[in-house]
Amino acid sequence: MMKKENRMFMLLSIAVMMFLSLATTQVQAQTFSGQAIGVLSTTTTTTQVGAGTPTVTAGATVRLADTTPLPPRGGSLSAGVLTASVNLGTAPVTGTLNTGVIQTMTSGGNGTSQSQARVAGLNLLVGTSLGTNTITADAITTNTMCVCGAAGATCTGTTDIANLVVRSSTGAVLATFDGRVTASGATLFTATATSPNQKTTTTITIIANEQTRTNDNGDTTTDNITVNGLRVIVTETTTSTMAGITTTTTTTSDTIIAQAHSDIDCDAVIGPTAASATISGRVLTSKGRGLPGATVVLTNQNGEVKYAVTNPRGYYRFADIEVGEDYFLSVKSKRYVFATQSISFTEELADIDFMPTQ
């Protein structure tokens, strides 16, 4: 009887030791990440006076239907808007974007990470002092996928374009495309125009399925890919001379339609992770409308800070936030003042809205 009890005790002790070892030792695993953005547009202006150092001024940034980055342990995120109508750029390079439904998603798990961005009903108007071009398409759909296989990590990407048409200000068709783009960075259209006095030069370039990867230093267990479904780059350069000093000003508008990113690590070392969830809500104006471009600040008890920027309808979202802690939520805005909110985060929280106090 004693021998049997001693044997059971030994087996129990071994089981406890194994459990403690697993609970405190990091394990080999796969990690996944990704992000998809429906529309991303930026404008910058560079000015150089004589031989002086160029100065760079950043304009407004437009970001629509951003899933935000997927946490390394995987899962899924999605975002979308029903329609969009926004102004892009500042003079002399201006633009107007109108779309139908924009849908984005990213996910990771079971040896695969994948992302998709789709923009329907594209109507992009880009103008310069030398002319205007209109770019339309029924849909732009970009997909990226990374997998762990026998040869290690592999990532691929494609872009499907439905009925793309580029027109001049007179309505003349400059370029068309319909189908799948597999070649990386295929140039669908490019043109340059110069003013009669040769003081202004404008260039427009439209690239499909532009692919970039981060150098992994030969590590075959990791891979990543970012694909821009359609990229429209418009640059205008003007020169003027006064008192023998030449001033050169270059304005660049860079608009990306349907961007998808995926990456994977087939041999990552990670430890146990705490439970997490999402905090989301909306920032409103004094009239109850969504406030775009406001910065929402999430601060935990240790003073660690995360930021989120509201979308064109005033919505914000924090993903992968550790539960079981207290947080402070505040809003930074040039136009309104908002009261800070204190929350005890124990589960998924939505509709944490902000109304201005003044």
Side-chain angles (χ1 to χ4, degrees), residues 34-43 60-68 76-89 94-107 114-127 132-144 157-169 171 173-181 186 188-189 204 206-210 226-234 253-261 280 282 289-293 309-317:
Q35 185 173 5
I37 304 173
V39 176
L40 179 61
S41 181
T42 59
T43 302
T61 297
V62 174
R63 185 186 295 261
L64 301 177
D66 184 356
T67 63
T68 70
S76 63
L77 295 171
S78 62
V81 297
L82 293 178
T83 60
S85 181
V86 294
N87 293 323
L88 307 176
T94 59
T96 303
L97 172 72
N98 291 282
T99 74
V101 176
I102 303 177
Q103 297 172 306
T104 56
M105 62 78 64
T106 182
S107 64
Q114 54 189 334
S115 298
Q116 182 184 84
R118 186 176 190 273
V119 178
L122 174 68
N123 190 318
L124 176 61
L125 182 71
V126 290
T132 300
N133 290 285
T134 302
I135 304 160
T136 60
D138 293 342
I140 309 290
T141 306
T142 302
N143 288 281
T144 56
T158 59
T159 298
D160 291 290
I161 300 176
N163 193 29
L164 174 77
V165 181
V166 181
R167 291 182 174 87
S168 68
S169 55
V173 175
L174 304 176
T176 62
F177 186 86
D178 186 68
R180 170 164 291 186
V181 186
L188 301 185
F189 175 77
I204 177 172
I206 303 175
I207 304 170
N209 199 47
E210 181 183 51
T226 300
V227 178
N228 298 322
L230 197 72
R231 188 170 189 175
V232 181
I233 305 172
V234 183
S253 172
D254 189 351
T255 301
I256 297 171
I257 308 296
Q259 181 186 81
H261 167 82
S280 61
R282 196 180 189 194
R289 299 173 182 171
L291 179 63
V309 178
T310 57
N311 68 14
R313 298 179 62 191
Y315 290 98
Y316 70 91
R317 185 173 185 270

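In this text, all values refer to a predicted model and were calculated from it rather than measured experimentally.
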Would you check if there is a donor-acceptor pair between the side chains of Asn123 and Thr136 at a distance under 3.5 Å? no
Side chain proximity check, Leu122 to Ile257, heavy atoms < 4.5 angstrom: yes
Would you compute the distance between atom CZ of Phe177 and atom CD1 of Ile206 and round it to the nearest 0.5 angstrom? 12.5 Å
Closest approach of Thr104 to Ala36 (non-hydrogen atoms, all atoms of both residues): CB-CB, 3.7 Å
Listed by chain and number, what are the side-chain hydrogen bond (donor to acceptor under 3.5 Å, both in side chains) partners of Ser41, not counting sequence neighbours? Thr255
For the OG1 atom of Thr68 and the CD atom of Gln35, what is their distance to the nearest 0.5 Å? 6.5 Å
State, with a plain yes or no, whether a side-chain heavy atom of Asn133 is found less than 4.5 Å away from one of Val234. no
Mind checking side-chain hydrogen bond (donor to acceptor under 3.5 Å, both in side chains) for Asp178 and listing every partner two or more places apart, or none if nothing turns up? none
Which atom names give the shortest non-hydrogen contact between Val181 and Ala208, and what distance separates them? CG2-CB, 3.9 Å
Partner set under side-chain contact (heavy atoms from CB on, under 4.5 Å) for Leu125, not counting sequence neighbours: Thr96, Thr132, Thr134
Rounded distance [0.5 Å steps], CG in Leu97 versus CD1 in Ile135: 10.0 Å
Determine whether Thr142 and Gln259 make a side-chain contact, defined as any pair of heavy atoms from C-beta on separated by less than 4.5 Å. no
Measure the CG-CG distance between Leu230 and Leu164 for me, rounded to the nearest 0.5 Å. 6.0 Å
Give me the atom names and distance for the closest heavy-atom approach of Thr67 to Arg317. O-NH1, 3.9 Å
Once side-chain contact (heavy atoms from CB on, under 4.5 Å) is applied, do any residues pair with Thr176, and if so which ones, sequence neighbours excluded? Val165, Val173
Qualifying residues under side-chain hydrogen bond (donor to acceptor under 3.5 Å, both in side chains), relative to Thr159, sequence neighbours excluded: Asn209
By salt bridge (charged side-chain N to carboxylate O under 4.0 Å, His left out), which residues pair with Arg63, not counting sequence neighbours? Asp66
Which value, rounded to the nearest 0.5 Å, describes the distance between Thr61 atom OG1 and Asp254 atom CG? 10.5 Å
Residues which pass side-chain contact (heavy atoms from CB on, under 4.5 Å) with Arg180, listed by chain and number, not counting sequence neighbours: Thr158, Asp160, Thr182
Which residues share a side-chain contact (heavy atoms from CB on, under 4.5 Å) with Glu210, sequence neighbours left out: Ile207, Asn228, Arg231
If I take atom CD1 from residue Ile37 and atom CD1 from residue Ile102, how far apart are they, to the nearest 0.5 angstrom? 11.5 Å
Does Arg282 reach the main-chain N or O of Arg313 with its side chain, forming a donor-acceptor pair under 3.5 Å? yes
What residues, two or more places apart in sequence or in another chain, satisfy side-chain hydrogen bond (donor to acceptor under 3.5 Å, both in side chains) together with Thr99? none
